[in-house]
Number of protein chains: 2
Amino acid sequence: MHQTFDAALGINLLHANQEGADHNRAHFNEWGITCLNIMSSPGAGKTVLLERTLAGLSNELKIAVIEGDMTTELDADRLRQYNVPVIAINTGRSCHLDSKMVAGGIHRLAHEYNPSEFELVLVENVGNLVCPAEFEVGEHAKVALLSITEGEDKPLKYPVMFQEADCLLITKMDLAPHLDVDVNRIVANVRQMNPDCTIISVSAKTGEGLEAWFEWLRAVCDRSSVSEQHLSPIH
Amino acid sequence: MHQTFDAALGINLLHANQEGADHNRAHFNEWGITCLNIMSSPGAGKTVLLERTLAGLSNELKIAVIEGDMTTELDADRLRQYNVPVIAINTGRSCHLDSKMVAGGIHRLAHEYNPSEFELVLVENVGNLVCPAEFEVGEHAKVALLSITEGEDKPLKYPVMFQEADCLLITKMDLAPHLDVDVNRIVANVRQMNPDCTIISVSAKTGEGLEAWFEWLRAVCDRSSVSEQHLSPIH
């Protein structure tokens, strides 16, 4: 993150973002939607995970996607093939989505569809292991992906993301035999700073772990219908 | 990037950073040092590239490293085994090095060593494909790494890094046989926005491409001694 206090406006930018995130979450709660913020380094496999998720679950759960990218609609176009609403947000030079950008996406969802029909909104953030973890967008839970190719030390070197994650997916497990990376070391490094995080090893190529991921999604959607009654966020 | 204008201070943060970068570069020029800013996503292989570079070239070129990480000295400690000065900078919650942080590193280098003895300073930036490309630190050239595991579309989705790079290393080429990624598509996507960038495919594991990288380093150090006479940056 670059700067969190704007002295001229007299506001803390993170606080202002947090207020916007709480507002977005109130909308999601009102509509009975669970919102997840999906984050990782570039190329860790967020979009292919969403492709597999839409292919596996969109008959069972009513899903919409908010797709954040600096530029292009390449990822949005990939996901539109699954016949779900995909709202693309280009962040320009910004390295993360913020709650105001996502509010724009929510308003488009509410304008173009009946938002109460949806159960799950998946927000794919800009690929970045640092700033997205600090800017809530209104999510009920944070999902981080770490490709096994990134190595064992990343949870220690980029701690905020791994402290904040409710669910960590270790991706590209099919490449494990070709790497000098011990997945147990990754898990131990995450556990040091986040004992409660759900950790699932997956491969979009072989399908390993996808059913466990779907189970986690089903459970988090159920939890949301409970928390909706209290109008409070899950975590 | 989050915010580039501080209204209270009445300064453009990028301009202020640029002034600091020019100051750093003037020091490097004075000492006859070529400085490179090494950037990539987390886990693309910056540190192992530096290990191979120190092992292959530190008898031939006098090298120092400025090592940027949010937290920990894990990477710095790996590089210290090669008996070169390694100055660690922890950026805290910042997602990139800026010229002020690197100025601190330069002052430590000048205080603890005779800086005129060095020919090459390698600055390893925080793993992030967005913001480091916008904040110069005083480098003479920018080196970007893209792991082949990150996929073909990254140059299009994270354009600033690839527009700014003087040299792009496509890393982890040993994994290519196990991926559905066409390296020629990566090259074509980079060429769309940066026709002059040097592109080298490497594998730290097999040694592929390392000699071409060393050749590029030798050439850029030679160019620096020319530009030193003019006290102007290479690019």
Side-chain angles (χ1 to χ4, degrees), chain A residues 1-10 13 17 40-45 47-48 69-75 78 91-96 98 126-135 146-154 156-161 171-172 174-175 177-181 205, chain B residues 1-10 13 17 40-45 47-48 69-75 78 91-96 98 126-135 146-154 156-161 171-172 174-175 177-181 205:
Chain A
M1 112 161 3
H2 302 251
Q3 204 183 2
T4 58
F5 186 75
D6 185 315
L9 298 174
L13 296 177
N17 183 74
S40 76
S41 299
T47 311
V48 72
D69 262 315
M70 291 177 75
T71 178
T72 81
E73 293 206 7
L74 292 171
D75 289 353
R78 280 168 63 183
T91 65
R93 296 178 95 93
S94 176
C95 65
H96 62 279
D98 63 27
V126 178
N128 179 348
L129 213 48
V130 185
C131 302
E134 303 217 65
F135 284 80
L146 177 72
S147 163
I148 190 168
T149 60
E150 293 177 61
E152 298 160 356
D153 57 357
K154 295 304 165 291
L156 306 176
K157 292 180 55 193
Y158 301 85
V160 183
M161 181 63 75
T171 63
K172 308 196 188 185
D174 53 286
L175 293 175
H178 312 294
L179 302 168
D180 302 320
V181 176
K205 202 165 194 171
Chain B
M1 110 162 2
H2 301 251
Q3 205 184 0
T4 57
F5 186 75
D6 186 315
L9 297 175
L13 297 177
N17 183 73
S40 76
S41 300
T47 311
V48 71
D69 263 315
M70 292 179 73
T71 177
T72 80
E73 294 207 6
L74 291 171
D75 289 352
R78 279 168 64 183
T91 65
R93 296 178 94 92
S94 176
C95 64
H96 61 278
D98 64 27
V126 177
N128 180 348
L129 213 48
V130 185
C131 302
E134 302 217 65
F135 285 80
L146 177 71
S147 162
I148 190 169
T149 61
E150 293 177 63
E152 299 159 356
D153 58 356
K154 296 305 165 294
L156 306 177
K157 291 179 57 192
Y158 300 85
V160 184
M161 180 64 74
T171 63
K172 308 197 190 186
D174 54 285
L175 293 176
H178 312 295
L179 302 170
D180 303 321
V181 176
K205 203 166 192 170

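In what follows, chains are A, B, ... by sequence order, proteins preceding strands, each numbered from 1.
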Find the one option among B:P42, B:S41, B:G43 whose heavy-atom pairs under 4.5 Å with chain A are most numerous. B:P42
Between A:V130 and B:C95, what is the shortest heavy-atom contact and its length? CG1-CB, 3.6 Å
Does any heavy atom of chain B fall under 4.5 Å from the side chain of A:L179, the backbone, both, or neither of them? both
Derivation of the side-chain contact (heavy atoms from CB on, under 4.5 Å) call for A:E150 and B:T149: CA-CA 9 Å; A:E150 293 177 61; B:T149 61; over 6 Å; no
Within the structure provided, determine whether B:T72 and A:D153 are in side-chain contact (heavy-atom separation under 4.5 Å). no
Closest non-hydrogen atom pair, B:K157 against A:M70: O-CB, 3.6 Å
With chain B as the partner, which of A:V126, A:D75, A:T91 has the greatest number of non-hydrogen pairs under 4.5 Å? A:D75
When you compare the side chain of A:H178 with that of B:D174, does any pair of heavy atoms fall below 4.5 Å? no
Measuring heavy-atom distances to chain A, does B:L156 have an atom under 4.5 Å in its side chain, in its backbone, in both, or in neither? both
Do A:E134 and B:R93 have side chains that approach each other closer than 4.5 Å (heavy atoms only, starting at C-beta)? yes
Test item: A:L129 and B:N128 side chains (from C-beta on) under 4.5 Å apart, heavy atoms: no
Could you look at A:D98 and say if it's the side chain, the backbone, both or neither that has a heavy atom under 4.5 Å from chain B? neither
Output for pair (A:L74 CG, B:K154 NZ), nearest 0.5 Å, gives 9.5 Å
B:Y158 side-chain N/O to A:T71 backbone N/O, donor-acceptor pair under 3.5 Å: no
For each of B:G45, B:P159, B:G151, B:G127, tally heavy-atom pairs with chain A at distances under 4.5 Å, and name the one with the top tally. B:G127
